[in-house]
Amino acid sequence: MTQASPPLNSGAPQRFPVVVVGAGPAGLTVGNILRAAAVDCLVLETETREFIEQRPRAGVIEEWAVRGLEKRGLARNLLDRAELHSACEFRFDGERYRFPYGELTGSHHFVYPQPLLVTDLVREYADVRGGQIRFGVRDVRVHDIDTDRPSVSYTCQETGEQRTVHCDFVAGCDGARGVTRAALPPERVRVARHDYGIGWLALLAEAPPSADCVLFGCHARGFAGQMPRSPEVTRYYLQCPPGDAPENWPHERVWAELQERLGASGVPPLTEGRLIEKRVLDMHDYVVEPMGSGRLFLAGDAAHLVAPIAAKGMNLALHDAFLLGDALVARLTSGDDSGLGGYAEACLRRVWDYQEFSQWLSEVYHGTAAGDPFRAGTTLARLRRLFTSPAAAAAFAEQYLGTAARY
């Protein structure tokens, strides 16, 4: 068991074995794994607790990830409340094609919005396991990561006081716009990036889902998707030009395009409702290699971003967190460095597997709208093959569920 650090408001010098920067799914999972092993850590988050517990984010969690959370005592509410999805539906050429991946694999997805998972993880970490966390911090900086005495400084929102926390390791879990990735020595880091050249208009509608599963509309006017979130709220996506403005998409235009792109023979119109969120996402991916330097290790979107094309981002963040949390526990409780030494390589196998699938699926989603008859023809051939070839269906189901790259 590690020795407790002085209270954060005591004015005494602060030291924790691990400082976790970022209170998203990755950071909070790492923190919970450490606290379960009686390892002290401090989580720093720039937003308020209320904000991170309400921030709209993805909600599709793969079964292996749920089992990883369950193994660590972090899935009780999820298992009680999540919806289970075992099929999806493609709509193209004016017809509907149901893909029952649960029947093919025996596995399914859990639909549990990220704000609910974050709420569970914060409560478990701070209120149950007694983990230290500071919300609303500013000016976070990471120092001396290539020494055995790294530290993290920040400004306390309440007092305006700058504080420095010394530690053995820093877990950088602060997302795509965080500070920890920038702390890596640039001469040692390669960032591989891919831009799809398309945008998605991300929408939340106060409307029940219009089908009992995820819908993928592959249409000449552009991709459209329906992702159920709850009985009252549905996530929709519409392909749009990159850099488009949400203001260009009033209520009437949004629903007209959704009805057109997700329409199919024999299905009723979508159930419409008030749009409570509209934002444009420019579709791109990146991968940072290596995923750390010295005593700093990145996890989640700080290390890699996969466009929401295949709903893989939160799953990759959890995979990183399982590996990093377990590796830090092994190092700090028994001196075993093997997990940290192999951390990046183990993470990147799944990262690159998911990136490749995202690229493949992007062509399926967007090829019919490319304005190129050849691409449109090959895209439709891919889609038809999913429903005529058992081998193609099995391969897609394995990648869609994330069971090809087992943790």
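What you see is a predicted model; the values in this text were computed from it and never measured.
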- Check the pair E277 / R235 against salt bridge (Lys or Arg N to Asp or Glu O under 4.0 Å), numbers first and verdict last. CA-CA 9 Å; E277 181 190 67; R235 168 72 74 188; 2.6 Å; yes
- Task: Give the intermediate values and the outcome of side-chain contact (heavy atoms from CB on, under 4.5 Å) for residues D144 and R149.
- Result: CA-CA 7 Å; D144 302 322; R149 295 179 58 82; 5.9 Å; no
- Message: Go through it in stages, so that I can follow the logic: the residues are V280 and C240, the test is side-chain contact (heavy atoms from CB on, under 4.5 Å), and I'd like the CA-CA distance, side-chain angles, deciding distance and then a yes or no.
- Response: CA-CA 8 Å; V280 173; C240 65; 4.0 Å; yes
- Query: Given the rule in the salt bridge (Lys or Arg N to Asp or Glu O under 4.0 Å) test, do D146 and R295 qualify, once you have shown the distances and angles that lead to the verdict?
  - Reply: CA-CA 6 Å; D146 288 322; R295 297 297 184 96; over 6 Å; no
- Please step through side-chain contact (heavy atoms from CB on, under 4.5 Å) for the pair H366 and I309, ending with a clear verdict. CA-CA 10 Å; H366 308 118; I309 291 166; 4.3 Å; yes
- Message: Show, in sequence, the C-alpha distance, side-chain angles and deciding distance for D168 and R331, and conclude whether the side-chain contact (heavy atoms from CB on, under 4.5 Å) test is met.
- Response: CA-CA 10 Å; D168 296 311; R331 169 62 174 80; over 6 Å; no
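A salt bridge links R67 to E63: at least one charged side-chain nitrogen sits closer than 4.0 Å to a carboxylate oxygen. A salt bridge links D93 and R384; the closest N-O separation between the charged side-chain nitrogens and carboxylate oxygens is under 4.0 Å. With salt bridges taken as basic N to acidic carboxylate O contacts below 4.0 Å, one links E62 and K312. Between D120 and R123 there is a salt bridge, since a side-chain N of the basic residue sits under 4.0 Å from a carboxylate O of the acidic one. Between D244 and R253 there is no salt bridge, since no side-chain nitrogen of the basic residue lies less than 4.0 Å from a carboxylate oxygen of the acidic one. Ion pair D40/R35 flagged as a salt bridge, since at least one NZ, NE, NH1 or NH2 atom sits closer than 4.0 Å to an Asp/Glu carboxylate oxygen.
Within a 6.0 Å radius of CZ in R76, other residues, nucleotides and ligands contribute 12 heavy atoms or fewer. Shown here is R177, whose CZ atom has no more than 12 heavy atoms of other residues, nucleotides or ligands within 6.0 Å. Annotation for R221: atom CZ does not count as buried by contact number, only 12 or fewer foreign heavy atoms lying within 6.0 Å. Other residues, nucleotides and ligands contribute at most 12 non-hydrogen atoms within 6.0 Å of the CD atom of E103.
Of the residues listed (R261, Q226, M227), the one engaging Y237 in a side-chain contact (heavy atoms from CB on, under 4.5 Å) is M227, and it is the only one. Among the candidates H284, Q355, Q359, the single residue satisfying the side chain to side chain donor-acceptor pair (under 3.5 Å) test with H194 is Q359.
Listed by first then second residue, pairs satisfying salt bridge (Lys or Arg N to Asp or Glu O under 4.0 Å) with a partner in residues 281-294 read R190-E289, not counting sequence neighbours.
Looking at S389, its side chain never comes within 3.5 Å of a backbone N or O of L386 through a donor-acceptor pair. The backbone N or O of A207 sits nowhere less than 3.5 Å from a side-chain atom of E272 that would complete a donor-acceptor pair. Between the side chain of D353 and the main chain of R349, no donor-acceptor pair closer than 3.5 Å is present. T368 places a side-chain N or O within donor-acceptor distance of the main-chain N or O of H219, the cut-off being under 3.5 Å.
Between atom CG of residue L69 and atom CG of residue L121 there is a gap of 6.5 Å, rounded to the nearest 0.5 Å. A distance of 12.0 Å separates CZ in R141 from OG1 in T180, rounded to the nearest 0.5 Å. Rounding to the nearest 0.5 angstrom, the gap separating the OH atom in Y112 from the CZ atom in R229 is 13.5 Å. From L275, atom CG reaches atom OG1 of T234 across 11.0 Å, with rounding to the nearest 0.5 Å. Separating the CG atom in L361 from the CD atom in Q399 is a distance of 9.5 Å, to the nearest 0.5 Å. Here the CG-OG1 distance, from L117 to T29, works out to 6.5 Å after rounding to the nearest 0.5 Å.
You'll find the side chain of Y354 stays beyond 4.5 Å of the side chain of H304, heavy atoms only. Residues P185 and I145 have side chains in contact (heavy-atom distance under 4.5 Å, counting atoms from C-beta outward). Counting heavy atoms from C-beta on, the side chains of M314 and I61 come closer than 4.5 Å. By the 4.5 Å heavy-atom criterion applied to side chains, L298 and L184 are counted as neighbours. No side-chain heavy atom of T105 sits less than 4.5 Å from a side-chain heavy atom of T403. The side-chain heavy atoms of P150 and C167, taken from C-beta on, include a pair separated by under 4.5 Å. Residues Y196 and S358 form a side-chain contact, since some pair of their non-hydrogen atoms from C-beta on lies under 4.5 Å apart. Within the 4.5 Å cutoff, side-chain heavy atoms of M283 are placed close to those of P308.
Taking each heavy atom of L74 and E124 in turn, the nearest pair found is CD2-CG, 3.7 Å. Scanning both residues, G222 and Q239, for their nearest heavy atoms gives CA-OE1, 3.4 Å. Closest heavy-atom contact between S210 and T271: OG-N, 2.8 Å. The minimum heavy-atom distance linking R138 with T46 is given by the pair NH1-O, 2.7 Å. Residues R91 and L262 approach most closely at NH1-O, 2.7 Å, considering heavy atoms. Heavy-atom minimum distance, F322 versus G68: CZ-C, 3.5 Å.
Between F223 and W200, the ring-plane angle classifies as parallel under the 30° and 60° cut-offs. Relative orientation of the F90 and F387 rings is perpendicular, given thresholds of 30° and 60° on the angle between their planes. Aromatic ring pairs are classed by plane angle as parallel below 30°, tilted from 30° to 60° and perpendicular above 60°; the pair W255 and H251 is tilted. Using the six-membered ring where Trp is involved, Y400 and Y101 have ring planes that are perpendicular, over 60° apart on the 30 and 60° scheme.
Of the N and O atoms on the side chains of D336 and S334, not one donor lies less than 3.5 Å from an acceptor on the other residue.
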